[in-house]
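The structure under discussion appears below in the form of structure tokens.
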Amino acid sequence: MVVVGPLVFAALAAAETIPTPDYCAAIAGKQWVSPLEARQCIYSFPVVPEIKDNIIEVVNKTIAMHTSVNYQISAPKPFDKDVHEDLHKDLARIKQQEYSSEFEFHLDVFYAFRRLNDGHCVVINRCYDSLYVSYLPTPLVLLTAADGQQNVHIAPEAFAIASAEFGDEIEFWQNALPGKLKGQLRLSGAQVLSINDQDPFAAVNANALVTGGYQSYATRQNSFFSSYYRGDSGWLYQMGNFAQQVHPLTDAVKLAIRRINSTSIDTITLPYRSRFGSASKNFTDSASYRINNCLATNRTNGVDVYAVSAQQESEEPLPIAYFQQQPLISRKEARRHAMNVLVDALPLSDIDLPEIMQPGPALNESYSVAQFYLLPDNSTGVLALGSFSTANFSAFQHSLLDGLVELKSLGATQLLVDVTNNGGGYICIAHWLHRIIIGSRSTTEPQAGLDTTTRAGPLAQLIVQRIIKDGMDPDTELLYNPSKWSNASHVPFTPETDWLKPLTNLTINGHEDAFSQRLGQECQPFDVDPPRKGLFKAKDVVIISNGRCASSCSLFSITMSKLEGARVPIFSTIDTEIKTTHLKNHTLAPPDFLANIVQGSLKNGKTTPADLNFPLTMETVNRPDAIWEAVSKEVFKSFVPPPLVVQIE
Ligand SMILES: *[C@@H]1O[C@H](CO)[C@@H](O)[C@H](O)[C@H]1NC(C)=O
Ligand SMILES: *[C@@H]1O[C@H](CO)[C@@H](O)[C@H](O)[C@H]1NC(C)=O
Ligand SMILES: *[C@@H]1O[C@H](CO)[C@@H](O)[C@H](O)[C@H]1NC(C)=O
Ligand SMILES: *[C@@H]1O[C@H](CO)[C@@H](O)[C@H](O)[C@H]1NC(C)=O
Ligand SMILES: *[C@@H]1O[C@H](CO)[C@@H](O)[C@H](O)[C@H]1NC(C)=O
Ligand SMILES: *[C@@H]1O[C@H](CO)[C@@H](O)[C@H](O)[C@H]1NC(C)=O
Ligand SMILES: *[C@@H]1O[C@H](CO)[C@@H](O)[C@H](O)[C@H]1NC(C)=O
Ligand SMILES: *[C@@H]1O[C@H](CO)[C@@H](O)[C@H](O)[C@H]1NC(C)=O
Ligand SMILES: *[C@@H]1O[C@H](CO)[C@@H](O)[C@H](O)[C@H]1NC(C)=O
Ligand SMILES: *[C@@H]1O[C@H](CO)[C@@H](O)[C@H](O)[C@H]1NC(C)=O
């Protein structure tokens with residue numbers, strides 16, 4: 001489930017009292033403020049009981065349709081130690097609790113959902129989340145020294161990033177440095193010995209408990225550090241949770257560092273600075289802040305697709321699109337193709353990876369997030385794949401095939417697929433890529449995927465009844481329309497089939513849950529004819545990531561490794577990673593889409609860490625081509641079959 005707030009009604013605005021003094025007026029129009037100034041504004045609004053009750057009601061009704069909620073009360077193996085969150089209990093507690101401000105209430109809801117560690121089940125309120133984003137000029141990395149010791153460092157590129165991205169604001173930080181360091185933010189590469197007087201890993205682990213998005217603890221630890229990402233039009237840089245935060249909650253951090261070539265230890269205190277969010281709406285005072293950022297718009301909730309004329313329906317991406325970890329996709333393209341994508345409270349980064357760290361020119365068949373390279377050994381091809389979504393599905397599908405064919409024609413016999421920070425996207429592109437790499441086999445046809453089923457609670461059943469009995473979806477716009485699905489033998493359902501049935505009734509952590517019958521695939525036959533023979537042998541394909549490979553990305557990685565005889569990757573179990581739902585309280589509203597992968601799929605696999613954990617050094621960190629060359633040398637050097645999944649750490 002994804003709830004993009006604000007779930008409130010315009011009529012209530014009038015009833016609100018505007019706080020005095022007006023802390024929002026004091027920061028209106030400013031690009032940079034201190035976290036304290038931002039907090040004074042966003043903490044200044046009291047709870048409005050009607051809004052609080054509405055949010056709890058809508059959220060509560062929506063989680064009734066979401067798959068992971070009951071499982072996460074006590075997550076199945078291998079995440080049994082990592083996830084124990086009972087949202088029903090949380091909401092009951094939150095409903096009773098008094099809050100001194102609406103933001104305090106929101107944070108309680110926000111963190112409860114984060115603790116599910118499910119990148120699809122989040123509550124984002126645009127009134128508060130990423131309204132002001134807090135930054136430090138010192139993103140951190142985890143490096144492995146020659147002796148094998150792993151240490152936290154300020155990223156070698158920190159100064160280059162900060163000066164390019166933060167402009168004049170960098171002086172604020174330079175002037176905050178003590179004594180001889182004042183005025184020169186030359187901290188890049190320094191080893192971090194402590195954070196707020198504690199071992200750096202105390203901060204890494206504290207962040208892992210609240211960052212959400214991934215079930216795997218190690219992946220959530222990785223979220224603390226900076227990383228790279230292939231975006232739609234260039235190479236981008238993720239600051240990581242240490243240097244970039246969704247809320248202005250922290251004022252400063254104290255670090256003990258040892259700079260490069262220095263034997264002494266410096267202690268510095270760096271203040272966070274909060275920047276007005278890229279999706280935040282301008283305001284001049286508290287009243288306009290509320291109206292522009294906190295009230296529901298005509299796009300916050302679902303629509304009756306048959307009551308809105310084609311002209312009225314904006315092609316503009318939905319509000320949720322800004323938080324999906326993929327390039328912006330038009331509503332039309334998003335409706336036409338099934339998606340499975342991660343949602344985060346931070347919009348996708350638009351900070352450029354410094355040019356000298358970017359790989360050289362890509363091959364001609366590259367398109368958007370899919371970039372092809374041939375390494376200097378002339379035998380290793382690279383597909384850097386930052387997402388499973390692009391603005392043009394068809395162009396993307398062609399590019400993946402043409403690029404791999406081009407690599408082969410240039411002599412590539414082995415392939416690295418780098419899915420670092422790939423937040424997912426089109427489900428059928430994940431299937432397509434798997435199919436063209438591996439060729440026509442029992443594991444790729446009729447589907448390169450896994451058994452799916454969907455949650456079939458009372459509301460879902462009611463929607464299906466309205467469609468099949470009352471003919472309320474003549475144009476097959478809705479995801480609950482039987483015409484969109486096929487049965488376990490891949491035969492499409494006829495329009496009148498009550499396709500959720502027969503139901504499977506399960507009791508999950510003490511809660512009763514109904515699921516649909518097993519479902520088949522909806523991707524094949526593809527619009528483009530795939531070559532019958534695979535382009536690469538499974539043993540010659542290596543998937544590289546930093547663990548942050550979600551949704552359709554994990555579908556691709558897991559099916560590649562599981563079905564093609566390789567080992568199980570670190571990423572995530574399928575049961576909670578692969579699902580999509582939208583919040584709509586109208587019975588006829590679109591989606592409420594749930595695509596869930598049956599729990600049994602991974603039972604035979606051991607969720608071991610990745611097949612190879614690849615340590616980063618000062619020379620390779622955040623430099624994609626250096627990492628590819630080093631990984632290629634390591635995994636393809638011998639006659640031993642290479643590991644399929646490489647986790648960068
Ligand atoms: C919001 O304010 C900024 C800075 O004051 C300005 O550059 C921008 O154009 C404004 N945006 C809108 C939509 O008015
Ligand atoms: C959530 O909904 C369930 C089922 O209708 C209800 O029993 C429960 O009291 C609701 N919880 C809250 C916090 O409103
Ligand atoms: C550290 O010392 C080495 C050897 O003297 C030198 O090459 C390098 O440039 C120095 N690095 C920095 C950041 O001062
Ligand atoms: C939604 O609101 C915007 C302006 O706030 C308006 O331009 C648009 O026509 C409205 N759309 C619908 C379908 O009411
Ligand atoms: C790639 O495109 C460029 C510019 O269109 C062209 O000069 C070059 O020959 C092409 N390379 C290959 C390998 O086709
Ligand atoms: C790779 O191909 C290029 C261009 O044909 C050639 O200059 C280079 O020597 C080759 N490298 C290796 C390692 O064979
Ligand atoms: C999408 O790409 C295809 C090529 O695969 C092209 O024919 C089509 O015109 C493109 N669509 C848009 C909207 O650009
Ligand atoms: C799927 O539907 C076809 C046609 O009705 C039927 O023959 C087949 O048995 C069904 N498969 C399953 C698994 O229900
Ligand atoms: C599941 O429960 C429903 C009622 O909630 C019932 O109609 C159905 O027969 C049950 N299915 C099975 C397989 O027990
Ligand atoms: C959806 O919920 C809102 C708020 O609770 C309510 O005003 C509206 O009538 C509901 N729509 C339907 C179809 O029930």
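One-based numbering, in listed order, for ligands and for the atoms of each. All values derive from a computational prediction rather than experimental measurement.
Note: Trp432 and Phe526 meet the aromatic proximity criterion, with ring centroids under 6.0 Å apart.
A salt bridge is defined here as a Lys NZ or Arg NE, NH1 or NH2 lying under 4.0 Å from an Asp or Glu carboxylate O, and Arg93 with Asp108 meets this definition.
Side chains of Glu102 and Tyr43: no donor on one and acceptor on the other come within 3.5 Å.
With sequence neighbours excluded, the residues forming a side-chain contact (heavy atoms from CB on, under 4.5 Å) with Lys484 are Thr476, Leu479, Asn481, listed by chain and number. For Ala92, the side-chain contact (heavy atoms from CB on, under 4.5 Å) test picks out no residue, with sequence neighbours left out.
Inclusion of Ser489 in the set of residues having an N or O under 3.5 Å from an N or O of ligand 8 is warranted. The shortest N/O to N/O separation between Asp377 and ligand 6 does not fall below 3.5 Å.
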Report all side-chain donor-acceptor pairs from residues 499-506 shorter than 3.5 Å, counting only partners two or more places apart or in another chain.
from	atom 1	to	atom 2	distance (Å)
Trp499	NE1	Tyr480	O	2.8
Lys501	NZ	Asp498	OD2	3.3

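For ligand 2, residues of the protein lying within 4.0 angstrom by heavy-atom distance are Ile56, Asn60, Leu91, Ala92, Lys95.
Between Phe103 and His247, the two ring planes are perpendicular [angle over 60°; tilted spans 30° to 60°].
Each of the following atoms of ligand 6 lies closer than 4.0 Å to a heavy atom of Pro376: 11 (N), 12 (C), 13 (C).
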